[in-house]
Structures are given as C-alpha cells and as structure tokens.
Participant: 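Have a look at this one before I ask anything.
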Protein chains: 2
Amino acid sequence: MAENRMRGPSKERLLNEAEILFAQKGFEGVSVREITRAAGCNLASVNYYFGNKENLYMEVFRYRWMPRAKRIHDNFRQSLQTQEPLSLSHIIQSLGMAFLRGPLCEEESRCHQQLMARELAQPTAALEMLAQEIMRPFFQELTDMLRPLVPEGLEESELMLGAMGIFAMILYFSFGRVAVTRLLGCEYDDALRNRLSEHIAGFAINGLKGLNKGKPDGA
Amino acid sequence: MAENRMRGPSKERLLNEAEILFAQKGFEGVSVREITRAAGCNLASVNYYFGNKENLYMEVFRYRWMPRAKRIHDNFRQSLQTQEPLSLSHIIQSLGMAFLRGPLCEEESRCHQQLMARELAQPTAALEMLAQEIMRPFFQELTDMLRPLVPEGLEESELMLGAMGIFAMILYFSFGRVAVTRLLGCEYDDALRNRLSEHIAGFAINGLKGLNKGKPDGA
DNA sequence: GTCTATAGCAGGATAGAC
DNA sequence: GTCTATCCTGCTATAGAC
C-alpha cells in the first residue's frame, strides 16, 4: 500500500489490481475499498468507471484474462510451427510449457489459473463468456490436432476427456501449489515448474495412447 | 428456507448447513445469518456453539470433512481386500470409484470436493490440519501400494506426482462439473460419473507405466 | 439452550464539490 | 476525471431476558 505503481490511467490500474486481488481472495473476499486503495484511486472510481463491483469483475475477464489466454494460445501454436511432423509428444510438451511457464511470469500465471479455478468451482456469468469465446474454440482446435495421433476409432468425447485431463493436472499443480509443495517438501520454483511440465507430458502421452481400450494394456 | 429439516440438535444442524453453504459460496460468501436461517436456529447460536464464524468453519472440517474422508479411504481399502494379487488396474479403478462415487451421494460428494478445491486455491488453517491428518498419511499409503507396480527405479517424488495427478483429475471433473458438462454437452448423471471414473483409470494406468523414462516410449 | 435486541463496524453505492 | 463526505444496508459478535 506504500508505493502504488501509478503507471497508466486509473481505469487500467483498477483492472490490474482488481485482477490480482480477485484471484487471491475471490469476489466476495475483496472490497472495493481494498481495490481502490491498491490502485491508488479514490473509493468512487470503481463506480465511475465500471458502474459497480460486479461489472468490474466481468471487465477483468474481458480485458485482462481473455487477451492473456489468447497470448498463451498463440504461444502454443508458434512453438508447434517449428516442428514439422507434429507428434503427440511435441503437442503435449508445448501445451504444458505454454500453460505452466509460457509467456507469463510466475505471478501472472498463478493469478490467471486461480481466476479460472475460482470460476470452475463457482461459475458466474464470466464462465459463460469464457466457455463461448475461449474454452470451446481452443478445445476444438486441440482435439483436431490430437485426433490423427491417438488410437484410431477413439470416441470424440473420450478425446475431449483426455484433453481435459491434461488441463486438470495443469490447473491442479498451479492453484494447488501450497499443497503440492507441502506434500513434496520443496519450493515452487522454476526447477519445479519444469519438472511438473515434464511430468504432465510424460503422464499424458502414455495416458492418451492407452485410451480407446476399455481396459488398459496388461495391468 | 421453508421446510427446515429439524433432525438432530442445533449444533449438528449448524454443522450440516454450514458445510453445504461454505462449499457452495466460500467462507466470505456466506453470512452467519444465512447459516442459522438454513439450520432453523437463531442468529446467536453460531457464537454460542462455536465462538465465532471462523471456528465454525474449522469444526466443519474436523467433524464433517475429515470423518467423511476416512470413510472414503476405508471404502477404498475394503474394495481392494477382495482382490488378492493387487494390480495397478485394481488400485486405480478402486480409487476413482471411491472418490467419484464411493459411499457418498452425488450431492455430498460434490460438497466434499468443493471444500477441498477451495482450500487448495486459498489455504487456511484447515488445509494445515488436512495435510497433517489426512492427505500425507493417505498419499503415503497410496504410494506404498503403487511402488511395487510401477517401473522399477522410479523416483519417489515422481511417484508422488503421479498419485497427485490422479487426484487432480478426480477433483477437476468433480468441482469443474459445470464446465465439463458444457464442453461435453451432456448431463452430469451417474452414467457420466461412471465414464469419468473409467476414463481416469485408463488414462492414469498408462500414464503411470510410462513415467520413469524422461521421454515416453515412441511418440 | 434458545431467543431478541442491539452495539459497532465494514460493505457498496451515490451526491456533489472541485 | 478525481475527490470527500455520507447514506444505508448488512455483517459479526455480544448482552441479557426467558
């Protein structure tokens, strides 16, 4: 609260600080007073720029979360362009990298995943928007990529579940970082993020390969 | 709010209703007024029985969440006793069953998972307690079971990550049910829960098998 | 053990000066 | 656009009757 970074106009600062606080404490856990204080604005500014607190929450997703998601997706696509014959291994590893490390710093990445986790646990109008404009198109794109690389004849919904399972792990290892570090007994640093990303890739590649058979091979 | 189920003494009713509401809306999202109204008690009862709202939250975990977790774990152990030579397949399928279906009805299961998801996303003193008394012992038990069944020489922490990945999917498919049904385009009914449980098993068994090699086989 | 009444404070939103 | 002052509602917690 001492040194407010006064970069940019008030509206932008409000969006920046609101996103961080909403991610940390949830919509109900943050007060407008807290947000305006963090942004170095007066109490009335939220209502002036956004009408009310709820709409500020929506605009955080519209003007911060969604553009960032698009950057992550672009980052993912670009890291695939350099590799000509697409393999399952390339795709999954690029996925893990883009979402666990990607174009974001650790703090921004955690903020991003936490907002998503909150919306999943307690959907608001924001999830509706995200499902429509981000999640559905991206999962479509991803399953289109994966289809020629998984066992032939795999059901469409089974493929979708596979893709979702990968995101489950990414999200869990990100928002559940406190539990993860406590159970593993180590710090959540870059080395761990690399390991997690590799672990997810190794796990998911074999997981996807064994999907179509009702029972797994051997066991 | 019309028909309060007046079963049991006030303290029990408060714990019951508080758990449901905390799971749905989070600690900050629920007021003591709402809880006492749902439980059919007067406003002062929370302070009388629990001292304050925060302690009620802790007691929900102590007297509702933890005993339920122990029941789930017992259920898991029992379903393994009938199968003499333990296989990876048996273990993972029993896990999915115990946690996605188990001894709980759908509503209770969702409530249970949502509370866990909230604590992971925003840890309080409750997570400390759960890590100590439930999570660590259970993960220990689980990795002890898995160790003889995964590729030899697999690092201990890698095995732990594998076990956590399974829980990531279970949790995600449970608390993210709105997104899941929206993306799959189907209802979250018993048929889907069975499919999810089977999917996780198939995915995880192959995932675990391919773990120790830095790169997966083939790809 | 259960209730009502209320203290005391923090919340979102608004009015209106500058 | 930015600020202060303020309204009003709803919150937790407590005191004290029954």
Side-chain angles (χ1 to χ4, degrees), chain A residues 1-64 115 118 122 124-126, chain B residues 1-64 115 118 122 124-126:
Chain A
M1 64 172 94
E3 282 304 306
N4 288 317
R5 31 260 190 264
M6 291 297 195
R7 45 198 173 190
S10 294
K11 188 172 177 180
E12 300 302 310
R13 294 200 318 268
L14 284 170
L15 285 170
N16 294 341
E17 301 299 325
E19 184 177 25
I20 294 169
L21 289 167
F22 283 144
Q24 283 173 354
K25 312 187 184 189
F27 182 80
E28 317 266 4
V30 187
S31 67
V32 172
R33 289 174 149 81
E34 201 175 351
I35 295 168
T36 52
R37 207 183 315 128
C41 302
N42 67 86
L43 179 57
S45 55
V46 161
N47 296 89
Y48 177 75
Y49 287 109
F50 302 97
N52 56 38
K53 183 186 175 186
E54 215 167 60
N55 195 50
L56 166 60
Y57 183 78
M58 285 297 289
E59 303 271 77
V60 160
F61 278 91
R62 202 185 309 278
Y63 295 117
R64 290 288 179 275
L115 282 173
R118 285 188 191 284
Q122 196 173 343
T124 71
Chain B
M1 64 173 94
E3 281 306 306
N4 288 316
R5 31 258 189 267
M6 291 297 195
R7 44 195 174 192
S10 293
K11 188 171 177 181
E12 300 302 310
R13 296 201 317 268
L14 284 171
L15 285 169
N16 294 340
E17 300 300 324
E19 183 176 26
I20 295 169
L21 289 167
F22 283 143
Q24 283 172 353
K25 313 187 184 189
F27 181 80
E28 316 266 3
V30 188
S31 67
V32 172
R33 287 174 148 78
E34 203 175 350
I35 295 168
T36 51
R37 208 183 315 127
C41 304
N42 67 87
L43 180 56
S45 55
V46 162
N47 296 89
Y48 177 74
Y49 288 109
F50 302 96
N52 56 37
K53 183 187 174 186
E54 215 167 60
N55 195 50
L56 167 58
Y57 183 78
M58 285 297 289
E59 303 272 77
V60 160
F61 278 92
R62 201 185 310 277
Y63 295 117
R64 290 290 179 273
L115 282 174
R118 285 188 192 284
Q122 195 173 342
T124 71

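Keep in mind that the numbers below use all heavy atoms, side chains included, and drop hydrogens, waters and symmetry copies. The sequence lines fix the lettering, A, B, ..., with proteins before strands; numbering per chain opens at 1. In this text the structure is predicted, and so the values were computed from the model without any measurement.
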Participant: What I'd like to find out is whether the side chain of B/F27 reaches to under 4.5 Å of the side chain of B/K53, using heavy atoms alone.
Facilitator: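 With C-beta onward as the side chain, the pair touches.
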Participant: From the options D/dA13, C/dT14, C/dG11, select the nucleotide whose nearest atom is closest to the side chain of B/N47.
Facilitator: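 Looking only at side-chain atoms, B/N47 lies closest to D/dA13.
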Participant: Can B/K11 be said to sit on top of B/Y48's aromatic six-ring, NZ or CZ under 6.0 Å from centre and within 45° of the ring axis?
Facilitator: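 No, B/K11 does not sit over the ring of B/Y48.
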Participant: Just how far, in rounded Å, is C1' of D/dC3 from CG of A/L14?
Facilitator: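 Nearest whole value for this atom pair: 14 Å.
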Participant: Any ion pair linking B/E59 and B/R62 (charged N to carboxylate O, less than 4.0 Å)?
Facilitator: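 So B/R62 pairs with B/E59 through a salt bridge.
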Participant: Check the distance between C/dG12's P and A/L21's CG and give it to me in whole angstrom.
Facilitator: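 Taking CG of A/L21 and P of C/dG12, I get 12 Å after rounding.
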Participant: Quick one: which of C/dG1, C/dG11, D/dA13 gets closest to the side chain of B/Y48?
Facilitator: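 Nearest to the side-chain atoms of B/Y48, counting from C-beta on, is C/dG1.
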Participant: Let's go through A/N42 and A/T36 carefully: what are the C-alpha distance in whole Å and the side-chain angles of both, what is the deciding distance for side-chain contact (heavy atoms from CB on, under 4.5 Å) to 0.1 Å, and is it a yes or a no?
Facilitator: CA-CA 6 Å; A/N42 67 86; A/T36 52; over 6 Å; no
Participant: Just the rounded figure in Å: distance from P of C/dG1 to CD of B/E12.
Facilitator: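 Those two atoms, CD and P, are 12 Å apart.
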Participant: In whole Å, what is the span from the OH atom of A/Y57 to the C1' atom of C/dA13?
Facilitator: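 Rounded to whole Å, this separation is 21 Å.
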Participant: Indicate, with a heavy-atom threshold strictly under 4.0 Å, whether A/S45 touches base, sugar-phosphate, or nothing.
Facilitator: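 A/S45: no heavy atom of the nucleic acid under 4.0 Å.
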Participant: Considering only D/dA15, C/dG11, D/dT4, which nucleotide approaches the side chain of B/A44 most closely?
Facilitator: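 My answer, after comparing the listed nucleotides, is D/dA15.
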Participant: Are B/S31 and D/dC11 close enough that a side-chain N or O sits under 4.0 Å from OP1 or OP2?
Facilitator: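 True: B/S31 side-chain N/O within range (under 4.0 Å) of D/dC11 OP1/OP2.
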Participant: Among D/dT6, C/dG11, D/dA13, which is the nearest nucleotide to the side chain of A/L43?
Facilitator: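 Selected nucleotide (nearest to the side chain): D/dT6.
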Participant: In this structure, how many angstroms lie between the P atom of C/dT14 and the CG atom of A/N55, rounded?
Facilitator: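 Taking CG of A/N55 and P of C/dT14, I get 13 Å after rounding.
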Participant: Rounded off to whole Å, could you give me the CD-to-C1' distance for the B/E54 and D/dC11 pair?
Facilitator: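 Distance, rounded to whole Å: 15 Å.
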Participant: Starting the side chain at C-beta, find the nucleotide from C/dG12, D/dT4, C/dT4 nearest to A/N42.
Facilitator: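 Ranking C/dG12, D/dT4, C/dT4 by closest atom to the A/N42 side chain puts D/dT4 first.
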